[in-house]
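See below for the structure under consideration.
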Amino acid sequence: MAKNLVVGAGFSGATIAYLIASQLNEEVIIIDKKDHIAGNSYDYRDKNGIMIHKYGSHIFHTKSEKVWSFLKQFTDFNTYMHKVVGYLDGIETHIPFNFNTLYDVFPYTLAKKLEEKLLDRFEVNSKVPILEFQKQDDDDLKFLANYVYEKIFLHYTTKQWGVSPKDVDGAVTARVPVYLSKDNRYFQDKYQGIPIEGYTKVIEKMLSHKNIKIRLKTDFKDIDTSKFDKIFYTGSIDEYFNYEFGQLPYRSVNFKFETYDKPYYQSNACVNYPCNYDFTRIHEYKYYLDDKSDKTVIAKEYSEFFELGKNERYYPIPKDENTTLYNKYLEKAKKIKNVYFLGRLGDYKYYDMDKAILRAIEVFEEINK
Ligand code: UDP
């Protein structure tokens, strides 16, 4: 029986492991440095019965029928649709900036005038990335664009990425466009929700196949790779090559958890602080699965640089010079037979969960061509 090694037990690793074990009936050993499966989507119920997302809020959303039907084999989802509240000048309002935000933050007559100008200039329901939105020749719209840039993007992005929105790849801020709509949801994808028993359970089910063996607290460096026919590597590609060309930079995140002796701390699962404080946002976990408890657990999210041995990798930093460095590793990777790179770290791409799963399905389809 062919033997496969999967490095990393997050969504990418678990998807490829499951597909190989179930569809090819081959043996899979899946290893992870961490002492748990599920990678950064790991969640657990704490002593108050609240499902905690250890590495920050994970909200599943996808447009892909393929990914949705794949995951539905392992879980049902609730009907949670993510909304983000932000404090702009002390006003609790909606992010992304939309028509409701417009009326929350400006006096009615000004909001009405801006709304009319916006509808003259853009299609209703269109999404406009902030860096595009700033390209206005009308003075009122220019004023609005500057307001949104300053109040929503400038400080948040500086906290999150250490540089201003103009110095991060436009695709990053385009994730949260100005939305010419009254739809307050963060995502408009057809399929959205939280797995009803949490993410760890989903991955546990994916990996509970007779052909799959899990080895936690296991470093790839300690594995005799000659025993395997194929390797699927979801760790950081620079680490695989011993940082030969230098380290790929990442942002990391530090969560400060707090428990409160009251049913709720804030009005929403996720509250962004784009104007104030050192943290970017506060997560209140009980909202996701509507957990009932007299207590509540929150996490304040602080962004920092990733440093080897000090913290975890969370976000690749999309930037030309980093892509150039990644491409050097990719060129090397292409020359090795039977080793496949995937996942946020393996591909050095800012994938959401659904994109990581889709990529793993594609790698599987590729090896079976
Ligand atoms: N962003 C911002 N202000 C906000 C929310 C997002 O400036 O209130 C920018 C910021 O640069 C952030 C990016 O948009 O990194 C993408 O936000 P998203 O919520 O998609 O990030 P994630 O949830 O993946 O951390």
Side-chain angles (χ1 to χ4, degrees), residues 10-11 39-41 53 55-62 81-89 91-98 100-101 104-105 127-134 145-179 184-189 192 194 199 249-255 266 268-283 285 288 299-306 312-319 343-345 349-356:
F11 266 111
N40 282 9
S41 57
H53 297 191
Y55 304 92
S57 292
H58 280 66
I59 295 103
F60 190 79
H61 60 99
T62 191
M81 294 200 194
H82 196 48
K83 289 179 185 167
V84 170
V85 158
Y87 277 103
L88 308 188
D89 292 341
I91 299 163
E92 196 178 298
T93 186
H94 312 280
I95 291 179
F97 191 95
N98 65 22
N100 292 322
T101 322
D104 280 348
V105 299
K127 293 180 175 179
V128 189
I130 185 61
L131 300 180
E132 268 306 302
F133 193 65
Q134 282 186 301
N146 288 340
Y147 176 91
V148 175
Y149 179 81
E150 164 77 27
K151 300 291 179 188
I152 296 188
F153 289 94
L154 180 60
H155 305 293
Y156 188 104
T157 301
T158 307
K159 283 190 268 187
Q160 168 67 19
W161 298 96
V163 289
S164 92
K166 298 205 161 72
D167 294 317
V168 290
D169 189 302
V172 171
T173 46
R175 289 169 59 94
V176 185
V178 174
Y179 190 22
N184 291 331
R185 294 171 306 166
Y186 213 56
F187 310 110
Q188 278 66 46
D189 296 345
Q192 315 192 21
I194 309 289
Y199 292 97
Y250 287 89
R251 291 300 286 183
S252 186
V253 185
N254 181 11
F255 292 100
Q266 59 191 23
N268 193 54
C270 181
V271 178
N272 285 12
Y273 289 85
C275 305
N276 306 86
Y277 309 113
D278 292 338
F279 46 81
T280 50
R281 52 190 171 186
I282 301 181
H283 310 262
Y285 292 112
Y288 292 125
K300 292 180 176 154
E301 178 172 340
Y302 297 83
S303 173
E304 55 193 26
F305 264 115
F306 163 70
E312 304 269 344
R313 296 177 175 98
Y314 279 77
Y315 297 91
I317 307 179
K319 208 175 178 184
R344 231 188 220 211
L345 311 185
K349 294 216 167 57
Y350 189 172
Y351 290 140
D352 289 332
M353 288 180 281
D354 65 326
K355 297 290 183 324

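One-based numbering, in listed order, for ligands and for the atoms of each. Note that the structure is predicted; figures quoted are calculated from it, not measured.
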For atom 9 (C) of ligand 1, find the nearest protein heavy atom and state the residue, atom name and distance (0.1 Å precision).
T157 OG1, 3.9 Å
contact_flag R281 ligand 1 heavy-atom lt 4.0 Å
yes
For atom 17 (O) of ligand 1, the closest protein heavy atom turns out to be V176 CG2, 3.4 Å
For a ring pair (Phe, Tyr, Trp, His ring centres under 6.0 Å) with H53, tell me which candidate from Y199, F60, F255 qualifies.
Y199
Using a strict 4.0 Å cut-off to heavy atoms of Q160, name the atoms of ligand 1 that fall inside it.
15 (O)
Only heavy atoms count here, so choose which of Y315, Y186, Y350 is nearest to atom 21 (O) of ligand 1.
Y350
Any donor-acceptor pair under 3.5 Å linking the side-chain atoms of T101 with those of D104?
no
Just to confirm my output: which protein heavy-atom neighbour is closest to atom 1 (N) of ligand 1, and how far is it?
Y156 CD2, 3.6 Å
Per-residue contact class, I152 against ligand 1 - non-hydrogen pairs under 4.0 Å
both
Regarding K166 and the six-membered ring of Y149, is the cationic atom NZ or CZ under 6.0 Å from the ring centre and inside 45° of its axis?
yes
Does the side-chain contact (heavy atoms from CB on, under 4.5 Å) test come out yes or no for Y186 and I95, once each step is laid out?
CA-CA 7 Å; Y186 213 56; I95 291 179; 4.2 Å; yes
Check ion pair D167-K319 (N to O, under 4.0 angstrom)
no
Per-atom contacts of ligand 1 with I95, taking only distances under 4.0 Å to non-hydrogen atoms
8 (O)
Partners passing ring-ring contact (aromatic ring centres under 6.0 Å, His included) against Y277 (at least two apart in sequence or in another chain):
Y273, F279
What pairs with Y314 under ring-ring contact (aromatic ring centres under 6.0 Å, His included), at least two apart in sequence or on another chain?
none
Atom 20 (O) of ligand 1: nearest protein contact (heavy atom, Å)
R175 NE, 2.8 Å
Numbered in order shown, the ligand 1 atoms found under 4.0 Å of a heavy atom of W161 are 11 (O), 12 (C), 15 (O)
Look at atom 16 (C) of ligand 1 and say which protein heavy atom is nearest, naming residue and atom and giving the distance to 0.1 Å.
V172 O, 3.5 Å
Which protein heavy atom lies closest to atom 5 (C) of ligand 1, and at what distance to 0.1 Å?
N272 ND2, 3.5 Å
Please say whether more than 12 non-hydrogen atoms of neighbouring residues, nucleotides or ligands are located less than 6.0 Å from NZ in K355.
no
